[in-house]
Amino acid sequence: MTTTIQEDEPPSGHSSISISLQVPEWKKILRKSISNSKEISKLFNISEEETRKICEKYPARITPYYASLIQEKGDAVYKQCVPDIKEITDSFGDEDPLHEEPENQKRKNVPGLITHRYPDRVLFRISNQCAMYCRFCTRKRKVGDIGKNPSWDDVVQGIKYIEEHEEVRDVLLSGGDPLMLDDAVLEKIIKSVYEILKQRKNSIIRIGTRIPCVLPQRITPELCSMLKKYQPIYLNTHFNHPAELTEQSRKACSLLADSGIPLGSQTVLLKGVNDNPETMKELMQGLVAMRVKPYYIYQTDLVKGTNHFRTKVEKGFEILDTLIGNTSGLCVPHFVIDAPGGGGKIPVMPDAILDINDKEVKLRNFEKGEFRYPQVSE
Ligand SMILES: *Cc1c(COP(=O)(O)O)cnc(C)c1O
Ligand code: SF4
C-alpha cells in the first residue's frame with residue numbers, strides 16, 4: 001500500500017513550548033499519514049464524496065505503518081482505520097454516552113480536561129490528537145479537532161485540580177493520545193503530576209496510549225529514559241487484533257518493558273474485527289508473550305457513528321468462556337461495560353455461580369462441569 005506526503009504538518013503539541021529543531025523519525029512517519037479524504041478515497045477505492053462527508057464530521061488519519069498491515073479491503077485492520085459511510089448514516093447512539101463533557105461535569109466543579117468519576121483516580125486528557133483515528137472511538141466527537149486541542153492554561157487547571165484533591169493517588173494521562181505530545185511537553189506535565197503525587201501514599205501515573213500499536217516508532221529510547229524517571233509509571237496500550245502484533249510493535253513494547261514500565265492493554269470488542277473467541281485467544285496470548293498484560297475487553301460504547309461495530313453482550317461472555325481455564329489466567333482480561341450515563345465501568349462475567357445459599361455454592365467450571373463448595377458455618 002502506498003501513501004503520499006501530506007502538506008500540512010500535524011500539530012506537535014502545546015505551542016507555548018519550543019520544540020527541538022531536529023525532526024524525529026516518528027514525526028516524519030506521522031507526516032506521511034493519510035488524512036485527507038481525496039487520498040483516502042483514491043487509496044482504498046471508495047467514494048470520494050462519501051469519504052469527504054464522513055471526514056468533515058469525524059477526521060481520519062492512517063499512519064503508513066498501520067496502513068501497511070492491511071492485507072485486504074474490509075479486513076480487521078482496514079475496518080479500524082478506514083471511514084465507513086455507516087458512521088454518518090446510522091444515527092443510533094449518543095455523542096457523549098459516558099457524560100465526560102464539561103457541561104456534564106460542571107456541577108462538580110471539575111476542569112475541562114479532568115474526569116473525576118472514581119474516588120482515588122482521575123482521567124487527565126492532555127491531548128486531542130491521535131496517530132490514527134480509530135473509527136469506533138468513544139471520544140469520536142472530540143479527537144482530531146484541532147480547534148479543541150487543550151491549551152497550556154487548560155493543562156495548568158488540570159494540574160491545579162490534582163494538587164487540590166488529596167484523595168487522588170492515580171492520574172491517568174489520556175486523550176486523544178498523550179504520546180502525540182513532544183517529549184519535552186510530556187515531561188513537563190508528567191513531572192508536575194509526579195511532584196504532586198509523590199507526597200501521597202501508593203501513588204502512580206498511568207499513560208493510556210494506542211501509539212505502540214499504530215505508530216510504534218514513537219517509542220524511542222529517549223522517551224523511555226524520560227518516562228523511567230517518574231516511576232511508578234504504568235503504560236496501558238490498545239491492541240485489537242493479532243495482525244497488529246508485529247516486529248515493530250514488539251520492539252516498542254520491549255523498549256518500554258526493559259525500562260521497567262509495566263504494560264497493559266485494552267481491547268474493544270468489535271464486530272467484524274475481533275468478535276471471535278479464537279482471534280481473541282491468539283491476541284491475548286500474543287500480548288502476554290510481548291510482556292503486555294491484557295487488562296480490559298470493552299463492550300462498545302453507545303457512541304454515535306459506531307453502532308456498526310457493536311456486538312451482543314453474549315459475544316463477550318462466549319469469548320471469556322473460551323479464555324478462562326483454556327489458557328493462562330494472565331491472558332484473561334476483565335470484560336467491562338462502561339455504563340451509559342456516566343455509571344462507570346462495570347465488570348461482567350459469564351455465570352460461574354449457579355446457586356448460592358447458606359450451606360454451599362454451586363459452581364460451574366470452564367468445561368461446564370458442576371462443583372459444590374461448602375460454606376463456613378457461622
Ligand atoms: C477507565 C477510567 C478510569 C480508570 O479506571 P480503572 O478501572 O482504574 O482502570 C478512571 N477514570 C475514568 C473516567 C475512566 O473512564
Ligand atoms: S487512539 Fe484511542 S482516543 Fe485515539 S481514536 Fe483511537 S480509540 Fe480514540
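Predicted model only: the values in this text are computed from it and were never measured. For ligands, and for the atoms within them, numbers begin at 1 and follow the listed sequence.
Residue-ligand proximity, Tyr296 to ligand 1, at heavy-atom distances under 4.0 Å covers atoms 6 (P), 7 (O), 9 (O). Per-residue contacts place Tyr295 under 4.0 angstrom from the following atoms of ligand 1 (heavy atoms of the residue considered): 6 (P), 7 (O), 8 (O), 9 (O). Contact atoms of ligand 1 toward Arg117: 13 (C) (distance under 4.0 Å to a heavy atom of the residue).
Of the candidates Lys57, Glu50, Lys53, His308, Glu87 forms a side chain to side chain contact (heavy atoms under 4.5 Å, CB included) with just one, namely His308.
Arg210 CB, 3.5 Å is the protein heavy atom nearest to atom 1 (S) of ligand 2. For atom 2 (Fe) of ligand 2, the nearest non-hydrogen atom of the protein is His238 ND1, 4.5 Å. Residue, atom and distance of the protein heavy atom nearest to atom 8 (Fe) of ligand 2 are Cys137 SG, 2.3 Å. From the protein, the heavy atom lying nearest to atom 4 (Fe) of ligand 2 is Cys130 SG, 2.3 Å. Annotation: atom 2 (C) of ligand 1 to nearest protein heavy atom, Lys345 NZ, 2.4 Å.
Using a 4.5 Å heavy-atom threshold, the side chains of Thr237 and Met290 count as separate. Side-chain contact between Val122 and His165 is absent, with no heavy atoms from C-beta onward closer than 4.5 Å. You'll find the side chain of Arg139 stays beyond 4.5 Å of the side chain of Asn128, heavy atoms only.
Of the N or O atoms in Tyr118, none lie within a sub-3.5 Å distance of an N or O in ligand 1. Residue contacts with ligand 1: Asp338 is placed with no nitrogen or oxygen under 3.5 Å of a nitrogen or oxygen of the ligand (distance criterion only).
Because the distance cut-off is set at 2.8 Å, Cys134 qualifies as a neighbour of atom 6 (Fe) of ligand 2 through one of its N, O or S atoms.
Counting heavy atoms closer than 4.0 Å to ligand 1, residue Val122 contributes nothing at all. Only the side chain of Arg206 comes within contact range of ligand 1, with a heavy atom under 4.0 Å; no backbone atom does. Only the side chain of Arg121 comes within 4.0 Å of ligand 1, counting heavy atoms alone; its backbone N, CA, C and O stay farther away.
Cluster membership for Val268 and Val82, using ILVMFWY side-chain heavy atoms within less than 4.5 angstrom, is not shared.
Side-chain atoms of Thr138 and Asp301 include a donor-acceptor pair closer than 3.5 Å. Ser41 and Arg52 share no side-chain donor-acceptor pair at under 3.5 Å.
Between Phe44 and Tyr78, the distance from one ring center to the other falls under 6.0 angstrom.
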*asked:* Apply salt bridge (Lys or Arg N to Asp or Glu O under 4.0 Å) to residues Arg364 and Asp351 and explain how you reach the verdict.
replied: CA-CA 8 Å; Arg364 191 207 65 170; Asp351 284 336; over 6 Å; no
